[in-house]
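Letters A, B, ... mirror the listed sequences (proteins, then strands); counts begin at 1.
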Amino acid sequence: MKRIKKYAWIFDALSHVSIATKTRALKHFISGEKKYMIKGKKGDIDAIIKCSLCPNMCKFDCPTFNASKNESLSPAGKAHLAYIFEKGEYDESIVKAIYECCSCDACKEWCFFDYSLADLLRGVRQDVVEEKAVPDDIMEIASGLIERKTMGERRLKEREGKILYFAGCTVQDEAMGIAKAMMKIFDSIGEEYAVLGEEWCCGYPLYNLGFIKEFKQFAKHNADVFKKYSMIVCSCPTCTYVFKQIYPDMGFKINAVIMHSTEYLARMVEEGKINVENLAMDAVYHDPCKLARRLKIMEEPRYLLRYAVNLKEPYFSREETRCCGRGGQLARIDEEISKKIAEQRKEELKSVATDIVTACPSCKIALNAYDIAEIVAMGLK
Amino acid sequence: MAFETIYRHEGKLNNEIKEKIRAIVPDGFSDSLADRISYSHDYWPIALRWFLDGKLPSMPDCIVWPTNEEQIADIIKIANQEKVAIVPYGGGSGVMGGVVAIKGGVVVDLKRMDAVLEMDEESLMVRVQAGINGMNFERWLNRHGYTLGHIPQSLYPSTLGGWLACKAAGQFSTKYGKIEDIVLALKAVLADGSIIASKPVPRSSTGPEVERLLLGSEGILGIITEATLRIWPYPEERVFISFLFSSLAHALNAVRRILRRGVYPAVIRIYDENETIRHFYNFEEVKGKIILIMVLEGDKKVVELEERVAREECGKDGKELGEKPVVHWVETRFDVRDASKFVPKGFIFDTVEMSVNWKNAMQLYENVINALRGIEGIIIASAHASHFYPQGVCFYFTFGGLPPRDKNAFDFYMEAWDTMMDACIKSNASISHHHGIGITRKKWLSKEMGKRMEMLRKIKAAIDKNNIMNPGKMGDVNEED
């Protein structure tokens, strides 16, 4: 009934036209868009068309657009180019634009269709892979990961335990301070935690870049490895999101409880297993995109930080946070834009407090920030 | 890779000229296919259909992103030497094809010039570069306790430079004014490469305000790079009012009386019957009625008084509907999904705004709606009134339909436009209130302007001797308008 009322204005308008026009209008209304659909594509053509025909109502919040000021890197601009690609007319510059996205979902916050451009582009990237049109630098990221099973160096030593600490590639390669902090906290609690000797990447970069077949191999491997644990604690919001949502969506069910480190630490504080003293420092909290927007984890970090620091909020926070610039492998795809995005966000945060705290290894690196685990470890009583 | 373009040009920009331009903006130059496609259009509705059909309006030869006036002046100097076109570009949200580079050339994207340079809270003024995004600017002002009061539906994608160059109006304009009321001073690079700036003072009587020629000039005289704008303290109080009327004339009259008494609500919107059920279908009472919604905002005590006057006048012929319809409008006012939904289904649509005095208002509405309904294939013919003055009103018409089988999409589109423009002129209204001229309205401008068209051409020819600034658009000395 509500749907009929919604279109009452169209019925009203049709009452003024001839029967022939009414009949044609009805036909177009039901199936007019068929001629613009492209069969056999992984990309959601209907959604890409709708996004590309929008006057870009989300672009003011898109990090790649704000850093470049280039319409090609705006959300509707990328959708526009994606449709052109799907029609088979493209060169390298068009394909490259299809990969310039932080996967931050800022666009989704403003979209009345509730589209995430990252989700739309992911389907198109599968078609880029099938078309064998992947740019060399992006192919290198994917093939390196497929070969080495991790995005960088592994630095953690294997150990056995009841729950699994899954540090993730970025922590192991670039932010070992987070892992050390987590291990210090585990030890203080007396937690019997395990670390994998050969931790495989969660596979998100492959998923994000369109290599779905290869991503599934990572999902299968990890799902098998995770079977012996009752709980998995992750330092990286992306790994957490992938294990909690993407693996099950793709048919790889994980029985273990998946927790982001902030969820785990908040529970430990609540249960009185750890006590944190206030470090008497002003610190501003930066919500990582995946943690706030996909996992809706916004209270736990604040709960922890209220114990440990004099917590400050930036103007853009919670689900209105802004990307650090490293989402969606952008730091490897377009380092210059990625750094500009980071600088813009850092400036916003520094205007609130000198010290920045976050809950994601990539954000930590991009913003030169503390991870909450490091703050908690520093304040352990 | 060859794309079919509607406006073809010779592509005079050879590699040697491109290299000269690249040397001026080494970090802000592109001639990639992706960028040339992205800058081939704005939000001209007919171009949406062309895009789906695999056609682009016109491809520029290259795009530059300057960061200061000197770079712009240097690029313009080269364009003058080489006789190549310059097309200024803001947010690309214009709906008239105004930034389509129909003669090719260099698109100058201003968005890297987007700094807030200075705020004078005592004088309620802010100096800002023209490339700033509307929403990011308004958010910046809100953070500091102020508002610009310029909230067009294109707030999210558009820029300050675009507002100035197209003489824009926002949805809150009845209180805060249009962009020409908000701007105090301008800085611009003219077509000859010279840089001009006016004084940021409340008013001056120092001869003709020549810099104001750039307001609404749509890039044909120069490039606006900076402006000083009036700002307002962020409203302390906001009141939502809605009323239902049995006729459009009654609703218009209520608003006319409110303004006559010196009360200027920030937002006033009156929807005709069709648009009332289109936008407020959730409210049972609206069927067959005309809805009027209002937002009054500002100082609490002033708003209280304004509210009393507004209710008194509306209550004479209308029935109060509460604040819920206004809340619904606030929540959905940036919902522009209809174009994305209906264009792929083959429907052609556009919105056309016209301004008219009170005494001719109903005549304009009826003439335009009736004229539209006489066109074969037109299904939607509706309007709302959205900007008000003590002297008159702006009607915002929407048309939509399907081209008859023997007519192509563009011919059908232009038939609707021609019919509306004709009805507009016959009703003593102005052909545009705030969307501007661009490509669509160009042929109607002479009829609107009369002898002033010749004056515009002379001014254009004097400032832009080589006709490099947005050529092929209004005032082009080489073309009959």
Per-residue contact mode, A:Leu73 against chain B (heavy atom under 4.5 angstrom)
neither
Measure the shortest side-chain to side-chain distance between A:Lys69 and B:Asp114 over non-hydrogen atoms and say whether it is less than 4.5 angstrom.
yes
In terms of heavy-atom proximity below 4.5 Å to chain B, should A:Ser15 be classed as side chain, backbone, both, or neither?
neither
Kindly give the heavy-atom pair with the smallest separation between A:Val17 and B:Ile379, and that separation in Å.
CG1-CA, 3.9 Å
Could you tell me which of B:Glu273, B:Arg405, B:Lys341, B:Glu275 has the largest number of non-hydrogen atom pairs under 4.5 Å with chain A?
B:Arg405
Would you give the length of the straight line joining atom NE2 of B:His41 to atom CD of A:Glu71, rounded to the nearest 0.5 angstrom?
8.0 Å
Got a second to check how far B:Ser93's OG is from A:Lys59's NZ, nearest 0.5 Å?
6.5 Å
Could you tell me whether A:Glu92 atom CD has more than 12 heavy atoms of other residues or ligands within 6.0 Å of it?
no
Most heavy-atom pairs under 4.5 Å with chain A, out of B:Ala34, B:Gly28, B:Gly401, belong to B:Ala34
What do you reckon, is NZ of A:Lys340 surrounded by more than 12 foreign heavy atoms closer than 6.0 Å?
yes
With a 4.5 angstrom heavy-atom cut-off, is it the side chain or the backbone of A:Asp46 that approaches chain B, or both, or neither?
neither
Against chain A, label B:Asp109 side chain, backbone, both or neither, depending on which of its atoms sit under 4.5 Å from a heavy atom there.
side chain
Tell me the closest heavy-atom pair linking B:Gln153 and A:Met57, and the distance in Å.
O-CE, 3.2 Å
Could you state the interatomic distance from OG (A:Ser74) to NZ (B:Lys111), rounded to the nearest 0.5 Å?
8.0 Å
Under 4.5 Å to a heavy atom of chain A? For B:Asp53 that would be both
Which of B:Leu155, B:Asn136, B:Thr159 passes side-chain contact (heavy atoms from CB on, under 4.5 Å) with A:Phe60? Answer is B:Asn136
In sequence, state the C-alpha distance, the side-chain angles, and the governing distance for B:Arg143 and A:Glu348, and then conclude on salt bridge (charged side-chain N to carboxylate O under 4.0 Å, His left out).
CA-CA 12 Å; B:Arg143 277 165 81 174; A:Glu348 285 167 7; 5.5 Å; no
Check whether B:Phe334 gets within reach of chain A through its side chain, its backbone, both or neither, counting any heavy atom under 4.5 Å.
both
Please classify the contact between A:Phe316 and chain B as side chain, backbone, both or neither, with a heavy-atom cut-off of under 4.5 Å.
side chain
When rounded to the nearest 0.5 angstrom, what is the spacing between CD1 in A:Ile49 and CG in B:Leu48?
12.0 Å
OG of A:Ser18 to CD of B:Glu376: how many Å apart, nearest 0.5 Å?
6.5 Å
Do A:Trp9 and B:Ile380 have side chains that approach each other closer than 4.5 Å (heavy atoms only, starting at C-beta)?
yes
If one checks every heavy atom of A:Tyr36 against chain B at 4.5 Å, the contacting part turns out to be side chain
What residue in B:Leu110, B:Ile277, B:Val343 has the most heavy-atom pairs under 4.5 Å with chain A?
B:Ile277
Residue A:Phe113 versus chain B: region with a heavy atom under 4.5 Å:
both
How far does CD of A:Glu33 sit from CG of B:Leu52, to the nearest 0.5 angstrom?
10.5 Å
On the ring face of A:Phe112, is B:Arg337 found with NZ or CZ under 6.0 Å from the centre and within 45° of the axis?
no
Which of the residues A:Phe65, A:Tyr83, A:Tyr315 is involved in the greatest number of heavy-atom pairs with chain B at under 4.5 angstrom?
A:Tyr315
Which of B:Ser158, B:Gly91, B:Ala339 touches chain A most, by non-hydrogen pairs under 4.5 Å:
B:Gly91
If you count heavy-atom pairs under 4.5 Å between each of A:Cys54, A:Ala8, A:Cys58, A:Ser52 and chain B, which one has the most?
A:Cys54
For A:Lys96, does the NZ atom have more than 12 heavy-atom neighbours from other residues, nucleotides or ligands under 6.0 Å away?
yes
Side chain / backbone / both / neither for B:Arg278 at chain A, heavy atoms under 4.5 Å:
both
What part of B:Ile63 lies closer than 4.5 angstrom to a heavy atom of chain A: side chain, backbone, both or neither?
neither
Would you indicate whether A:Glu335, at its atom CD, is surrounded by more than 12 heavy atoms from other residues, nucleotides or ligands within a distance under 6.0 Å?
no
Taking atom CG of A:Asp136 as the centre, report whether more than 12 heavy atoms of other residues, nucleotides or ligands fall under 6.0 Å from it.
no
Output the option from A:His28, A:Lys50, A:Lys87, A:Lys22 having the highest count of non-hydrogen pairs under 4.5 Å with chain B.
A:His28
Below 4.5 Å from any heavy atom of chain B, which atoms of A:Lys35 appear? Answer side chain, backbone, both or neither.
side chain
Taking side chain as everything from C-beta outward and backbone as N, CA, C, O, which of these in A:His16 sits under 4.5 Å from a heavy atom of chain B? Side chain, backbone, both or neither.
side chain
Between B:Tyr89, B:Phe51, B:Phe347, B:Tyr39, which residue shows the highest count of heavy-atom pairs closer than 4.5 Å to chain A?
B:Phe51
Going through the distances and angles, do A:Leu81 and B:Ser38 end up as a side-chain contact (heavy atoms from CB on, under 4.5 Å)?
CA-CA 8 Å; A:Leu81 295 171; B:Ser38 298; 3.9 Å; yes
Is the number of heavy atoms from other residues, nucleotides or ligands within 6.0 Å of NZ (A:Lys346) greater than 12?
yes
Whatever's closer than 4.5 Å to a heavy atom in chain A on B:Glu284 counts as side chain
Between B:Asn274 and chain A, which part of the residue has a heavy atom less than 4.5 Å away: side chain, backbone, both or neither?
both
Could you check whether any side-chain N or O of B:Lys345 sits under 3.5 Å from a backbone N or O of A:Phe29, counting only pairs where one atom can act as donor and the other as acceptor?
yes
